[in-house]
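Below: the structure, in structure tokens.
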Amino acid sequence: MLDLNRLKALHAVHIYGSVGAAADALMVTPSAVSQQIAKLERETGARLMERNGRGVRLTDAAGLLADHAERILALVETAEADFEALRGEVVGRLNMSAFPTAARGLMPSALTSLKRRHPDLHVQMHEREPERIVRDVARGELDLGVIQDWLNRPIALPEGLSRSTLLDDIADLLLPADHPLAGNKEVELAALPANERWISSSPGTVCHDWLVYTLRNAQLEPEISCMADEYPTQMALVAAGLGCAIIPRLGRDCVPDGVAVVPLRPRQSRRIYVIWRTDAARRPAIRAAVEALADASRTKENAWAVA
């Protein structure tokens, strides 16, 4: 009989393209992946990996077996979901991920709630970028993920994933306190000077690409003077007078002195979702995690309303 863990290792190499990448996805060592595949070779009597330059590649036999493994692992997941749904108990393991701001702003509250309500549920949480979260949930490496998209730049989910909206995270303009527009009740982006300096996330990130897209839509060619991926760092740079930034509320629990927060017109916001594989929706653990994240989101929105 074929061993499921060995099939999972082979499937991961097939999906991720290398032993090292598969090991990262499975959170084991490359040596452990290689050992599993070596044992699978002995079980099947077929050569599954061969040298390809400095790396390895899967043989045709491995590709065939990996295709079967994908279907087998999907059936196992469906069986586990059906069994958990039959028992109606929130137990087992749940692998979750969130993009950095949500990992800090939503996950602590949600995970604390899950631990209190369901002590027999073992949760593992990872911080990842949205694109990787979508990919890993679709591939079954994660059970559930929290992602974002900006309302003027939505993202499409692959077939087979479901989602639920957690909140709309409004983004405001952050200016140095001595900026000429710092005292305004609201600001239209197009009213900002063409030579305004901006603080942004790194190129290639969702937030950097969104900022460039949004500013160009307002007929502003962004002059980005500083780049930092953490919102607290961006706010510190604004406070130092090094530029302006557009930062969503979930990313700024504490605005430092020297920074003015001014609402934008038209309003800019990003939508934050929780996603999971549709076939796993029957799992009580998935439903419990979605509920905990929704509660954490409502608490955050209520705090913003009071502020």
Any salt bridge between D172 and R252, counting N to O under 4.0 Å?
-> yes
Looking at NZ of K39 and OG1 of T44, how far apart are the two atoms once the value is rounded to the nearest 0.5 Å?
-> 14.5 Å
Minimum heavy-atom separation for A23 to T29, with atom names?
-> CB-C, 3.6 Å
Check the pair L7 / H11 against side chain to side chain contact (heavy atoms under 4.5 Å, CB included), numbers first and verdict last.
-> CA-CA 6 Å; L7 287 175; H11 179 253; over 6 Å; no
E186 with R265: basic N within carboxylate O range, under 4.0 Å = yes
Sidechain N-carboxylate O distance under 4.0 Å for R93, D143 | no
Salt bridge check: are R271 and D168 linked by an N-O gap of less than 4.0 Å?
-> yes
Cluster link M125 to V274, ILVMFWY, side chain under 4.5 Å | yes
In this structure, CD1 of I37 is separated from CG of L65 (nearest 0.5 Å) by 10.0 Å
Any I155 side-chain heavy atom under 4.5 Å of I147 side chain | yes
Which heavy atom of A296 sits nearest a heavy atom of S109, and at what distance?
-> CB-OG, 3.8 Å
Flag the pair K300 and D253 as a salt bridge only when some basic side-chain nitrogen lies within less than 4.0 angstrom of an acidic carboxylate oxygen.
-> yes
Could you check S113 against R117 for side chain to side chain donor-acceptor pair (under 3.5 Å), going step by step and ending with a plain yes or no?
-> CA-CA 6 Å; S113 174; R117 297 177 187 174; 3.1 Å; yes
Minimal heavy-atom distance between T278 and L161, with the atoms involved, is OG1-C, 3.4 Å
Side-chain H-bond candidate by donor/acceptor type, S269 with D169, under 3.5 Å | no
NZ/NE/NH1/NH2 to OD/OE distance under 4.0 Å, E41 and R6 = no
Heavy-atom pair with the smallest gap, counting every atom of P222 and L215 | CB-CD1, 3.5 Å
Measure across E141 and N95 and return the closest heavy-atom pair with its distance rounded to 0.1 Å.
-> O-ND2, 3.2 Å
With a 4.0 Å cut-off, would you call D136 and R128 a salt bridge?
-> yes
Which atoms form the tightest heavy-atom contact between L242 and C226, and what is the distance?
-> CB-SG, 4.2 Å
Assess whether side chain to side chain donor-acceptor pair (under 3.5 Å) is satisfied between S297 and E301, documenting all intermediate values.
-> CA-CA 6 Å; S297 299; E301 287 182 311; over 6 Å; no
